[in-house]
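To keep things clear, I will list the structure first and then write my remarks on it.
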Amino acid sequence: DSSKKNTAADSGPEKEKAYTIGYCTMGYSIAPWVLFLGDNLKAECEKRGWKFNMLSAEGDSELQAEQIQTMISKKPDLILIFAGDASLCVDWVKDIDAAGIHSVLVGMDVKEEGRKYATAFVGPDQEQMTYNVASEIIKEYGPDAGLTIAQIGGVPQQYDYIVRVKGFNEACKNTNYTLIEPEWAHSNRADAQGKMENLLATYGDKIDILMGYDDDLTLGAVAAIEEAGLTGKIKVYSITGMVEALHAIEEGRMVMTVQNSTAEIARVCGNVMDKILSGESVEYNNPSELFYITKENVADYKGEF
Amino acid sequence: MNSNSKETNLWKKFLEMNGSGVLIALISFIILVSIISPHITGGKYLTWTNIIQVFRQQTYIGIIACGMTFVIISGNIDLSVGSQLTLLTVLCANFSHYGNLAAIFGTLTLGLVLGFFNGLFVSGLKLNPFIVTLGTGSIFGALAMILTSGFTKRADSTLFNYIGTGSVLGFIPMPVLIMLCVVLIFAFILKRTVFGQRIYAIGANPKAARYSGIRSRAFVAITYILSGFCCALAAITLIARSTSANPAVAGGKEMDVILSVVLGGTSILGGKGSIWGTVIGFLFIGFMSNGFTFLNFNQYMQWVVMGIILVIALAIDVYKQKGRV
Amino acid sequence: MRNLVTDLKNMKIGLNRFLLSYNSVVILLILCFFGTFFIDGFNNNISTIIFDSSIYGFMAVALGIIMVTGNIDLSVGFQAAGSAVTTVIVLDGTGSLFLAVVSALCVAVLMGCINGFTVVKLGISPLIATIATNYIYKGYVYFFTKTGAYYPQGELRDLLKSSFSRLRFFDLKILSLTIIIFILLIVLFMFLMRKTNFGNAMYIAGDNGEAGVLSGINIKRVSFLAYVIGGFLCGIAGIFLASNSGAAMYTQGEGRDIFAVSACVIGGIKMAGGKGTLLNILLGILIMRVISTGMNLMMIPSSWVDFVSGVLIIFVLVIDRITSIKKEE
Amino acid sequence: MPEKKQPLVELKGITKSFPGVKALSDVSFDIYPGEVHALCGENGAGKSTLIKVMTGAHKPDSGKIFIDGNEIVINSTQQAMESGIACIYQELSIAPQLDVAKNVFLGNMFVNKAGFLDLKKLYRETDDILCNYIGLKVSPKKPAGELSVGQQQMVEIGRALTRRARVIIMDEPTSSLSESEADTLFKLIKMLKDDNAAIVYISHKLDEVMNLADRITVIRDGRNIITMDTKDTTQDELISHMIGRTLENLYQKVPAKQGEKVLEVKQLSKADVFQNVSFSVNKGEILGFFGLVGAGRSEIMRAIFGVDKYDAGEILINGKKLSPGNPACAIEAGLGFCTEDRKLEGLMLRLSVLQNMTLVKLPAISKAGVVNRKKQSSLVNQYVENISIKTPSVHQLTGNLSGGNQQKVVLAKWLMMNPDVLIVDEPTRGIDVGSKSEIYGLLGELSRNGVAIIVVSSEIEEIMGICDRVITVCEGEVTAEMDIEGLDCEAVLSAALGRKHRHNAEIVNNTKTGNKA
Ligand SMILES: Nc1ncnc2c1ncn2[C@@H]1O[C@H](COP(=O)(O)OP(=O)(O)OP(=O)(O)O)[C@@H](O)[C@H]1O
Ligand SMILES: Nc1ncnc2c1ncn2[C@@H]1O[C@H](COP(=O)(O)OP(=O)(O)OP(=O)(O)O)[C@@H](O)[C@H]1O
Ligand SMILES: [Mg+2]
Ligand SMILES: [Mg+2]
């Protein structure tokens, strides 16, 4: 119920009020994608002449919890959250709601029990995203192709990676694929390359598919595959949609990436915020479009970074 | 001295050698993995390519560890190498847009500068090395974040590609060659030059070193500058390989480095140690993480096993030191 | 009666010691002054600062006690996280809060023993030894938290939350159970370290262990027990961490050791050991927390927090150095 | 000694070996209540090791230990103390940051019924001990690290007293004590004897031994040589037992021909340490610096060598001014400095003999900074032979050598750089007669090769025996400068005491020159 909350309606008639937006991100600089999300949101707010306050927890959920409290005590008109952990986020939105402030979840939704406290969610379902990628693979090769799939992720305990892995593995449940334990490159492309080398040394060309959970790292792995001369033999799927990745797809070094466009998320988020602050009611779910980019349609897209 | 038979003498000599305990642990680990892995993942562990790979993955740890060996032998420590590496990779990526020379020389100079700061604090102001480098570490790390505002920098340059992916005689990758050069040069400096010998002296008893006319403070400062230089070199090879740097690059790498050095039998108290031991040290860590893939261990298994093996290896080294001062 | 007199005397000595470490006091005062007048919302957050200080304080105190005996422990963070995880596991499994707490403390103490064993019995240098054991604890924590925050189902979670860190007297945050227990423990251990034979032995261990051994003190046991106490304190920290966020998380362990070391150092504990009181550590903790909270309130990116604390560490060391030179002259 | 009485402690057939060294082989030793039993032997003979076996600091490889006739196994220092054995170790064992009181009662603090430290009692008792027994005028609350070395030694003696031990072992207690401090110690020992305590006394100062001991046991190379009653022996006999040969006159001085002035010191001053020190040394001359411990001689020498700074004055070597506060420059100028404290300032105990010896010489035996290994080892071996250093190999860690040999290593380090001026501070502190005479020989030889030598010493005979000239220092001021020719100790001593303490001089005089027969 967003009626009781302070909106433009009860905070004065003037339309061009300069609102303050608080943004609590799990980490501004832990990965390029997160960074661009932040920058684009900022751009959206400044475009509307709003004040944009950011607090970044650099991957530490404990710290993010503190920062949420700090943000509340600052009493902004609306709080955007890119949550480091969907279940802890339940408490956060609860507290924000109690303080009579709107909360909008960006990029990462809160657990069900939290949804009644939050005003809206903007962004893709990350779990769904990787689920779909897996479905694509299954569609391509069939569920009993006995594929061997290697996975490379960023930081093992980071929530967005956790859900991505979860989604992918869900989809592969009822197939006879063998999934190798994910390797973690700790947001370091060189490490990703090393990990991939290890995988190749271990399984050689037994690996049919590489699932990368972040283009930046995937590209490291791709380099390793190239060096091993297995380009094309090992089909590479990935997400986020970096410029480099799109090139790689054009050149056939990768098969698919999902552009989870931060600009798109920010755009949708902007509209949602407009509505909320001008007192209109909004849908809870505001999906941002995902673009599944392959050789066929790669020409139509340009990466963000 | 009591007489003993030839082979026990050889055995004694081997034990006397720095890091032999770890060498034992390493060899047994390798054997174990190469026996087990075919049954688990069907991977062949002990192949030339794999060995080369371990070397290549450990390139930058190895290079930094060489510098760190000097620092530790002189009785100090440098906890800031991880952040130095991060900062320097990021900077190197930036410089690379102004051309190769700018990138390489710029990075190396800045490496020297960072090292100089540590040296200034530790030997100039005589501050506790552990804590000071902890402090400078968080400063450098923060700087990397602030300068880049977290953005992943990308380097583009043909030379870098060559350094990163080129290879000599077709089978020695360029980074490995660089590392080997560093290892050989540093080993030579440490064992054969006046500078090296005096580093040992300073580590063993700084006061006596000073009373023997050794300019201890200058020497200590130099070890830190060398360490900074190594970080720069490592940063270059790292960039050359991954062509991209973000501030998360080298979080916590200093632990790997220090472990490598100490595993190699270098005394954290200073005055004792060798580059050769350090090489064993970082190979040990390299072969472990590489071996875990062969065993299809997941992250938490890796950590637990790694911890246990480390304790054992270190315990062996302590045990064989017993009775020697 | 006599004892009372001596006690009072020692309290006075304690006060002097406290004032001797004035540079940290001064820093703290300056920071607070700056905060109250230049950061809006600082005053409303003071209770929060104290609250967080006490939660993280347990770890810092644990480390400080170990540092007094001349050793170090870089695994405090994951010892705490380990205890947090254990709390949740057991609570989730048995539904008994009591069992959860007990087993959490046991696990933490066990971790302390492992550290003590590797350092004291095996004789591995403490820095390295605790880096190594840290991997083990990390593994243990990650095993349970690898799918994100790990918490007990349903009302058990609320039970966990409401039981410890949310418990308050007169509904004042400043009177939270956390803070009270923290203060009680500080007082207890200060007493232990200053007034008991064991405490005295701890200082000897850090000052000149060899001398202690030659005069018949079981230095090894003392150092070992220091690690055990450290484990115990981390255990308590873990319980409160778990209760505070109603879950066990990997990040509860990450980077805490650095925080603890910084706190101890800024407070004025010497790496060499044999020196420093818990009051020093307390100051260090407060300073660290004031900085990070204050900068949060000013919306300054947290990388700047690292930057500042780094600068502060060096600053404190320099001040230390200067004063010690002064003493020499 | 009344033989019917039962020995308090008895060691039978003790054997102990360290890697590379057999420190003790089948040594027996016994001690009766109310006697002082001296333990004599060269450096590395195994004295300290033997007593460390007695105090449980070392476990013997074989052998039995009896206390009051019944055999026991001593596993820990604690156990040894409980059975009434206390020890003052050769190496200082002070906790520098703890205060004096806590150091005196280190390991047996007072605990009240509640189980807490009884600090009031602690300080009261400490006051009592400091004043009435060891005559130390410092506050019990002062950190022990701020005491002078001698005072620290006294604190340790006090520590031994507090144990109310029946056997008190003293390993070279006087090596760093001033005469008056030593005097208090001797009084203490007498007192303890009268309380029927047993005392094991180790010292290289044989006159002390002859004065104090009832019985003397000599060990050499870790073996029993003889146990004898002091009253039926002479110092010379004792010496011959110790070094296994008769030592004709310790100091045989062959006068060297002196050359021109090498080192000149003008009006050197440092606030409240030393004032207006001026002197000069010639080629081939041995100049003695005499004074009581704490007179400031080491400080003067340290200032000259550039280890310490000084406030005023200048130093000329071969006429060139020496830049202050930089040992490296001093060495380049041809100055060598053999410090008074081997372990702290002289040696890298964790490095090998070879590394220690060539430390200063390195640049000379290296091209473009690269050390010439062959030269290095040949040079070292040559020196090890020339000055007969007892070591299994040149790669042995110096920490495992005995005091005398360690001192020789330090000397060798400085000899290698063949200096123009060599300063030796307390060159024979804690060193046995055998090595002593060798070191004196060495110094003499050097002077004959035209090296100017400055010897700082607290032993009057040493000064009289080897020097051409002596300068006396008292409280940081030069009180006299005289040629040794036809000079008697009296004059030197009273000069060293600055004439004020005439009475005190008598005591020193007696203890020092008492039994030169
Ligand atoms: N910890 C040790 N490790 C190896 N060797 C040792 C050790 N301690 C003593 N030694 C050796 O044992 C022998 C006896 O040493 P000890 O200290 O007992 O001689 P000492 O009679 O006390 O000589 P000094 O008069 O110089 O004190 C020496 O050769 C010494 O090198
Ligand atoms: N460790 C110390 N701590 C404090 N004061 C000291 C210390 N050692 C010496 N002193 C003081 O410094 C002054 C000079 O000491 P120093 O040792 O130079 O005298 P010295 O004539 O060299 O006696 P020694 O026979 O010990 O060489 C004296 O006042 C002495 O008490
Ligand atoms: Mg001895
Ligand atoms: Mg002296």
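Excluded from the calculations below are hydrogen atoms, water molecules and symmetry mates; all remaining heavy atoms, backbone and side chain alike, are included. The chains referred to below are lettered A, B, ... by the order of the sequence lines, with proteins before strands, and numbering in each begins at 1.
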Query raised in the report: Which atoms of V311(C) come close to chain B, meaning under 4.5 Å heavy atom to heavy atom: side chain ones, backbone ones, both, or neither?
Result: both
Report summary line: So, the part of V318(C) with a heavy atom under 4.5 Å from chain B: the answer is both
Query raised in the report: Side chain, backbone, both or neither: which part of F78(C) has a non-hydrogen atom closer than 4.5 Å to chain B?
Result: neither
Query raised in the report: Heavy-atom count around F117(B) CZ within 6.0 Å, excluding the residue itself: above 12?
Result: no
**Report entry** Under 4.5 Å from a heavy atom of chain B, the part of L317(C) involved
**Finding:** both
**Report entry** Region of V311(B) in contact with chain C, defined by heavy-atom distances below 4.5 Å
**Finding:** both
Query raised in the report: Can you tell me how far CG of L127(C) sits from CD1 of I258(B), rounded to the nearest 0.5 angstrom?
Result: 6.0 Å
Requested in this report: Measure distances from L79(B) to the heavy atoms of chain C and classify the residue's part below 4.5 Å as side chain, backbone, both or neither.
Outcome: neither
Query raised in the report: CZ of F116(B): more than 12 outside heavy atoms within 6.0 angstrom?
Result: no
Query raised in the report: Once you round to the nearest 0.5 Å, how far does CG of L312(C) lie from OG of S138(B)?
Result: 10.0 Å
Query raised in the report: What's the verdict on side chain to side chain contact (heavy atoms under 4.5 Å, CB included) for I131(B) and V316(C), showing C-alpha distance, side-chain angles and the deciding distance?
Result: CA-CA 10 Å; I131(B) 303 164; V316(C) 168; over 6 Å; no
Query - From CD1 (I128(C)) to CD1 (I268(B)), nearest 0.5 Å - result: 4.0 Å
Report task. Please look at L134(B) and chain C and tell me whether the side chain, the backbone, both or neither of the residue comes under 4.5 angstrom of a heavy atom of that chain. Result -> side chain
Report task. Rounded to the nearest 0.5 Å, what's the gap from NZ on K138(C) to CE on M306(B)? Could you check? Result -> 9.0 Å
Report summary line: Bottom line for I313(C): the part with an atom under 4.5 Å from chain B's heavy atoms is side chain
Query - Contact class of Y140(C) relative to chain B, heavy atoms under 4.5 angstrom - result: backbone
Query raised in the report: When rounded to the nearest 0.5 angstrom, what distance separates CZ in F307(C) from CE in M145(B)?
Result: 14.0 Å
Report task. Can you label the angle between the Y142(C) ring and the W303(B) ring as parallel, tilted or perpendicular, going by 30° and 60°? Result -> perpendicular
Query raised in the report: By a 4.5 Å heavy-atom criterion (distance strictly below it), what part of I308(B) contacts chain C: side chain, backbone, both, or neither?
Result: both
